[in-house]
Amino acid sequence: MKKAVKGCSLLAGIVCIVGVLLYLGLRPGKTLFIPPSGQPMPRHVEYKMEASLAGLPARALTYEIRDANVTKQDVVALAEKLGMKGDVTYDPKSGIYTLKDGEKWLEVWKSGMWDYYDHRVWKNIDLQKKIPSDEEAVQKAREALHRLGINTEGFNVRVVAQTTGAFETERVVNKDVFFMRVINGIPVYGVSRVIVSVGHRGEIEAICKYYHEIEPGRTVKLKSIEEAFQEVKENRASSSIHPDAKTAVITKVTMGYWEDPGPSEKPVGIQPVWVFEGFSIVDGEKHTFDAFVPAGEGVRITDVPNPELVPILVEFR
């Protein structure tokens with residue numbers, strides 16, 4: 001059975017990032033894990049600030065991850081909702097429960113994150129698929145999550161088509177529906193999302209729940225925009241700016257949140273970030289970009305031992 005090879009799915013990419021997080025281990029509270037953009041950074045860029053900075057907050061509430069305390073019985077109950085049966089195994093080193101029912105696989109982290117794949121159909125390009133429209137894919141995804149007791153009201157929604165084949169023969173093999181978390185009208189970036197892969201005639205091929213239940217934490221003072229902007233200039237931000245950019249214009253600055261899951265056994269929580277949006281001109285073409293800087297006073301981006309291990313998560317942020 002052949003699988004689609006073009007456009008590596010973000011479902012698989014985020015599975016990779018969870019593995020990286022497990023590898024990183026515990027980190028100091030003054031750091032925030034934000035993956036780099038996955039592309040080379042320009043050596044020097046002349047930035048110009050044209051964004052309005054009025055109304056930006058000076059303090060923000062953080063959120064803590066509620067202890068999920070996932071048990072073997074919880075995994076069995078979830079598997080039944082997914083139409084699966086089988087024996088549950090547990091790896092104490094990774095903190096992951098696994099259940100396999102034929103070609104259906106379910107992995108559940110003790111932290112409450114989990115992913116489900118039906119490898120019989122997931123991106124199987126041997127099947128002559130009739131892929132639903134974006135609107136139909138969202139509806140099918142919502143229905144599937146509703147059956148699982150997952151409420152996606154208030155989440156931002158985005159659909160990404162996964163394709164295979166060369167330009168002339170390219171075809172869509174499934175659609176990944178991203179439900180991106182929002183807290184009090186403020187978008188949450190990072191892993192805080194649910195992804196549903198919808199395939200032939202709306203069949204659910206995969207579901208990944210990559211967010212945690214949360215509760216209010218503490219209010220923190222935010223670093224100034226000037227200080228955060230300096231971090232952008234010094235490449236101490238997670239930026240998607242074009243590698244050949246020489247000049248750039250910042251057109252918008254907002255506060256967002258970033259869910260830093262930390263190690264699977266001990267998630268770090270949700271912290272504020274400054275989000276810089278702008279553009280650069282390279283070879284006469286306009287290239288938009290964004291840059292993320294931890295907003296909490298004294299908080300910096302965590303150094304990653306091997307950035308090549310980190311997938312390009314920020315492409316879909």
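Bear in mind the structure is a predicted one, so any value in this text is a computation, not a measurement.
No side-chain donor-acceptor contact under 3.5 Å links T62 and Q271. Checking E234 against Q230 by side-chain atom types alone, a donor-acceptor pair falls below 3.5 Å. If you check the side chains of D91 and Y97, you find no donor sitting under 3.5 Å from an acceptor.
Side-chain contact between V194 and L145: present, with at least one pair of heavy atoms (C-beta onward) separated by less than 4.5 Å.
The residues K85 and E80 are annotated as not salt-bridged, no charged nitrogen and carboxylate oxygen being separated by less than 4.0 angstrom.
Of the options V232, T254, L222, a side-chain contact (heavy atoms from CB on, under 4.5 Å) to W274 is made by L222 and by none of the others.
With rounding to the nearest 0.5 angstrom, the CG atom of L78 is 5.0 Å from the CG atom of L106.
Outside the 6.0 Å centre-distance limit, the rings of Y189 and Y257 are not counted as a close aromatic pair. Proximity of the aromatic rings of F155 and Y211 is defined here by a centroid distance below 6.0 angstrom, and this criterion is met.
H119 and W122 have perpendicular rings, their planes meeting at more than 60° on a 0 to 90° scale where under 30° would count as parallel.
The two residues D101 and G83 come nearest to each other via the heavy atoms OD2-O, 4.0 Å.
Figure legend: cation-pi geometry between K286 and F279, with NZ or CZ positioned under 6.0 Å from the six-membered ring centre and within 45° of its axis.
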